[in-house]
Protein chains: 4
Amino acid sequence: MDRAGGMPPYRQLMLQVRDAVRLGWLKPGDRLPTAREVVAASGVNQHTVLKAYRELELAGVLEVRQGSGTFVKDSAGTSAGAGVLTELQQQLENWVRIAHQAGLDDEDMKALLSAALARKVSKK
Amino acid sequence: MDRAGGMPPYRQLMLQVRDAVRLGWLKPGDRLPTAREVVAASGVNQHTVLKAYRELELAGVLEVRQGSGTFVKDSAGTSAGAGVLTELQQQLENWVRIAHQAGLDDEDMKALLSAALARKVSKK
Amino acid sequence: MDRAGGMPPYRQLMLQVRDAVRLGWLKPGDRLPTAREVVAASGVNQHTVLKAYRELELAGVLEVRQGSGTFVKDSAGTSAGAGVLTELQQQLENWVRIAHQAGLDDEDMKALLSAALARKVSKK
Amino acid sequence: MDRAGGMPPYRQLMLQVRDAVRLGWLKPGDRLPTAREVVAASGVNQHTVLKAYRELELAGVLEVRQGSGTFVKDSAGTSAGAGVLTELQQQLENWVRIAHQAGLDDEDMKALLSAALARKVSKK
DNA sequence: GTGGTCTAGACCACC
DNA sequence: GTGGTCTAGACCACT
């Protein structure tokens with residue numbers, strides 16, 4: 001949890017879960033930690049966790065089953081095969097290493113990616 | 001301006017300016033558009049623009065000269081040579097193209113980069 | 001507010017606003033009472049009101065403008081002309097009067113309507 | 001069973017049974033399906049069914065006879081003659097057909113009925 | 001002064 | 001024990 005970032009905690013939680021699903025760390029059908037477990041581990045308020053879960057349910061990523069827990073929806077999941085994903089990941093890590101040696105910090109790299117993505121869109 | 005993102009408008013403005021400086025689109029000494037011009041172009045409240053400029057001044061990125069405008073500070077700027085930057089940029093765009101063809105969307109790529117950066121930190 | 005009905009207060013509020021829009025009592029562009037005004041008038045908690053407004057925003061009925069208030073969305077509105085609506089309304093009131101004289105109470109009539117609607121669907 | 005409606009399942013069951021009695025589909029002395037049968041047919045938890053039956057017994061609508069099942073109480077039943085009821089029913093269906101052709105959906109009609117009933121009360 | 005979020009503690013419905 | 005709601009009071013971002 002990054003208190004200084006200006007991003008509300010419930011949204012940070014949403015991003016973390018959503019990214020975990022995107023990266024294949026959480027697969028369809030997996031059960032998420034209980035709201036109370038997250039509270040115990042991270043210190044945020046239970047309502048914050050429940051709000052994040054509920055928003056992700058509306059977004060179609062999670063499925064809440066009364067009395068039994070919160071699960072990753074079957075329809076949600078990685079858009080690409082695991083093999084391709086790890087290869088892309090290695091290439092990116094390589095690039096990160098080079099950029100780091102050139103003196104760029106994390107924010108620089110994120111800015112470069114945003115710019116590259118924006119250029120891709122404008123090409124469309 | 002992304003109204004639904006949960007990030008306060010003044011912070012979105014800060015990011016845009018800061019990234020423009022990081023990427024070399026704005027260089028030390030460049031004059032930024034007047035608050036009124038930004039209002040006319042984007043529709044946000046003038047206070048929001050002024051708050052973003054003020055925060056960036058405190059962060060050491062901008063310099064406000066009474067009566068003449070807001071400028072990029074001389075000490076601020078890209079941390080790497082322009083040549084290296086464009087090369088990294090091309091490599092990244094290449095990677096983006098491949099990832100796009102593999103079916104990944106923008107958010108997937110941002111998640112991959114975040115994961116790669118987090119792994120780099122843990123290596124330290 | 002009906003405390004005994006088993007329906008959560010925020011949902012009762014949602015229904016009231018939504019029905020007011022359906023019946024033309026609230027038209028697109030109209031400004032809804034402030035959350036604090038509703039609190040003063042009805043005694044429910046401010047969060048309850050805000051949750052109702054927010055859910056109606058997600059449902060596409062309302063539009064929340066930071067700092068200026070909550071408004072009925074332009075795209076939301078009555079599905080039929082006002083003239084037709086008042087005529088249907090008068091016919092219904094007539095029917096209600098007859099049913100009332102026949103000894104039916106409000107719940108009886110709602111049950112009859114539900115049954116009639118269900119039969120319409122099964123005809124489709 | 002409507003999972004998204006916000007109304008607790010046991011209350012939805014209560015309404016269904018009570019309305020069936022109101023409309024004459026269930027008459028005094030009729031035997032209701034066993035809790036297990038309802039479970040098999042609808043998938044809700046057995047406790048939910050039993051709670052609904054128990055509440056309806058307290059409300060004076062049902063009568064539980066140990067070992068033989070659950071029955072509609074003799075004192076419960078339609079408040080009007082069957083003849084009048086079917087006539088009112090036909091008039092309502094007529095109205096529903098007209099309203100449907102005018103572009104109103106089910107929720108619109110329920111809102112109109114609620115408004116008509118509220119106006120009747122205020123006349124008293 | 002507008003809506004929005006965070007925290008805290010209590011109670012409820014469901015499994 | 002699971003998620004869900006209500007209430008209460010404080011603080012923040014935006015107009």
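Chain naming here is simple, since letters A, B, ... match the order of the sequence lines and numbering starts at 1 in each. Heavy atoms only: backbone and side chains are in, while hydrogens, waters and symmetry mates are out.
D19(B) pairs by the side-chain hydrogen bond (donor to acceptor under 3.5 Å, both in side chains) definition with nothing, not counting sequence neighbours. Checked against salt bridge (charged side-chain N to carboxylate O under 4.0 Å, His left out), R65(B) has the following partners two or more places apart in sequence or in another chain: E63(B). Listed by chain and residue number, nothing satisfies the side-chain hydrogen bond (donor to acceptor under 3.5 Å, both in side chains) test with E57(B) (two or more places apart in sequence, or in another chain). By the side-chain hydrogen bond (donor to acceptor under 3.5 Å, both in side chains) test, E107(C) is found to be paired with R18(D), residues two or more places apart in sequence or in another chain being considered.
One distance of note links NZ of K110(C) with CG of L104(C); it measures 13.5 Å at 0.5 Å rounding. Taken to the nearest 0.5 Å, the CD atom of Q12(B) stands 10.5 Å off from the OG atom of S42(B). Between the CG atom of D108(C) and the CG atom of L23(D) there is a distance of 8.0 Å, given to the nearest 0.5 Å. If you take CD on Q16(B) and CZ on R11(B), they are separated by 14.0 Å, rounding to the nearest 0.5 Å.
Heavy-atom distances under 4.0 Å link DNA chain E to V64(C), Q66(C), G67(C), G69(C), T70(C) of residues 60-75 of chain C, given in residue order. Less than 4.0 Å separates DNA chain E from at least one heavy atom of each of the following residues of residues 35-42 of chain C: A35(C), R36(C). Of all the residues in residues 44-55 of chain A, N45(A), H47(A), T48(A), K51(A) reach under 4.0 Å from DNA chain E with at least one non-hydrogen atom.
Side chains of V61(D) and K73(D) form no contact here, defined as non-hydrogen atoms less than 4.5 Å apart. For the pair R36(C) and V49(C), the minimum side-chain heavy-atom distance is 4.5 Å or more. Looking only at side-chain heavy atoms (C-beta outward), K120(C) and D106(D) come within less than 4.5 Å of each other.
dA13(E) atom P lies 8 Å from atom CZ of R11(D), rounded to whole Å.
Listed by first and then second residue, the side chain to side chain donor-acceptor pair (under 3.5 Å) pairs involving residues 44-56 of chain A are R54(A)-E55(C), E55(A)-R54(C) (not counting sequence neighbours).
Taking the nucleotide of DNA chain E with the nearest heavy atom to each of P8(D) and G43(A), the more 5' of the two is matched to G43(A).
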Nucleotide pairing, DNA chain F (Watson-Crick or G-U, distances under 3.5 Å), in dot-bracket with [ ] and |: ||||||||||||||.

From CA spacing to verdict: side chain to side chain contact (heavy atoms under 4.5 Å, CB included), L85(A), L112(B): CA-CA 9 Å; L85(A) 236 168; L112(B) 274 175; 3.7 Å; yes

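Chain B approaches DNA chain F over the interval dA13(F) to dT15(F), counting the first and last nucleotide 5' to 3' with an atom under 4.0 Å from its heavy atoms.
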Please set out all donor-acceptor pairs under 3.5 angstrom arising from side-chain atoms of residues 24-34 of chain C, sequence neighbours excluded.
from, atom 1, to, atom 2, distance (Å)
D30(C), OD2, K27(C), N, 3.0
R31(C), NE, S68(C), O, 3.3

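Shortest non-hydrogen contact noted between G60(B) and S75(B) is O-OG, 4.3 Å.
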